[in-house]
Amino acid sequence: MTFEFSEKANQIKEGIFAVLNTKKNEMEAHGKKTYNLSVGTPDFKPAPHIMEAVSEAAKDPKNYKYALTELPELIEAMQNFYKRRFDVELAADEIMSLYGSQEGMAHLAWALCNPGDLVLVPNPGYQIFRIGPQLCDAKVWQYPLLEENNFLPILSKIPEDVAKQAKYMVVSYPANPICRTAPESFYRELIAFAKKYNIIILHDNAYSDIVYGGRKGGSFLQYEGAKEVGIEFYSLSKSFNYTGARMSFAVGNREIVQKFRALRTQFDYGTFLPVQYGAAAALNGPFDGVEKQCQLYEERNHVLCGGLREIGWNVPDSEGTMFVWAPLPEGYTNSEEFCVELMERSGVICVPGSSFGSLGEGYVRMALVLPPEELKKAVESIRVSGILKK
Ligand SMILES: Cc1ncc(COP(=O)(O)O)c(C=O)c1O
């Protein structure tokens, strides 16, 4: 039998990740040490009170029914958390949970776009920002994030006809993969731009709790007028190491939240109740563990970037996120080829910048998912490999 798959399915390729994974398995099978800095999954553990809440709830057979919707205590926990953490007031109907921000990003365009509608996404950017709209037949216009502009979009340079057509715009700081934060003035400009052209803003706030240099990450909703123009995704994945439990929230504009909620009822019967109890425990619980973890990421950031600079690779420190965005060392121009060579010669695995969009070429992304001692060994392995001496 021959199968004919959809054009959309055929367009999605495993690409470089599959290549890197196969090579990693081969190297490990030959006893070669690898340092996997490619995955964005935290190696830190969830706090004990979170795991206890999940385990307790998992013992109760009642909690195995379809949840259908959020527990009232989860919504209340999110309201209290946003007030405490960001000083943002949220009404209960301005909040909905998602099966992770990734899922939310994949489906949001279904609620906002007709086929052919235009969505503005960053280049380089997290892949699902672009793939989500494309999966529901919207078009994307990629706004450039360039080093000379501090990796911020220049809103006045987005052509007038593009801005007029745009249905929504995805913005995300602290940003994966470019590891920069955005100043307050940017958010004010963004809201004015959204109002002028009637563009919905989706702010992905996955890394608000991982910001370095003594600064604290904020929320898009802290800015005047934000709720009139858009929503924010807040994920428990990175802040609370709740990654595999899959829990994030869309919060903000009531009309958007309600339309999205109605659409999602068609395919979502609610998140497993023990996961909801665990999320409520995370949001209601102490925050000092999250702050301590941010300091540990910052230490890793200094160890990795500082170590690489010492051996002659000029990598700037990240401003936030759990990643490092490294320009290719001198003499290299192709990030995929460099990643394969780096892995073969040093065992260090990172992600080619080109997988985040055309403007990611010339960079690689490394995840801060190993403790400082291991990162030092990774740096040493890069040094002895001689790869920097091209
Ligand atoms: C920018 C960004 N948004 C969203 C996500 C996914 O978050 P979640 O685990 O809530 O799906 C990630 C994960 O790496 C990310 O980097």
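All values below come from the heavy atoms of this structure, side chains included, with hydrogens, waters and symmetry mates left out. As the structure lists them, so they are numbered: ligands from 1, and atoms in each ligand from 1.
- Side-chain N/O atoms of S335 and S354 include a donor and acceptor closer than 3.5 Å.
- Ring orientation note: the planes of F151 and Y363 are nearly perpendicular, at an angle over 60° on the 30°/60° scale.
- Contact annotation: for S101 versus ligand 1, heavy atoms closer than 4.0 Å belong to both the backbone and the side chain.
- Protein heavy atom in closest approach to atom 9 (O) of ligand 1: S237 OG, 2.6 Å.
- More than 12 heavy atoms of other residues, nucleotides or ligands sit less than 6.0 Å from atom NZ of K216.
- Contact annotation: for R246 versus ligand 1, heavy atoms closer than 4.0 Å belong to the side chain alone.
- Annotation: side chain of K238 is in contact with side chain of I210 (closest heavy-atom distance under 4.5 Å).
- Note on ring orientation: taking the six-membered ring where Trp is involved, the planes of Y126 and F129 are perpendicular (angle over 60°, cut-offs 30° and 60°).
- The shortest separation from a heavy atom of K238 to ligand 1 is under 4.0 Å, placing the residue in contact.
- With a 6.0 Å cutoff to the six-membered ring centre and a 45° limit on the axis angle, K83 does not count as a cation-pi contact of F86.
- Look at S235 and you'll find a heavy atom under 4.0 Å from some atom of ligand 1.
- Close contacts of ligand 1 with Q102, meaning ligand atoms under 4.0 Å from a residue heavy atom, involve 8 (P), 11 (O).
- Looking at atom 6 (C) of ligand 1, its nearest protein heavy atom turns out to be Y126 OH, 3.7 Å.
- Nearest protein heavy-atom neighbour of atom 3 (N) of ligand 1: D204 OD2, 2.5 Å.
- The heavy atom nearest to atom 15 (C) of ligand 1, considering only Y173, Y99, F129, Y207, is found in Y207.
- A perpendicular orientation is assigned to the rings of W325 and F356, their planes being inclined by more than 60° (bins at 30° and 60°).
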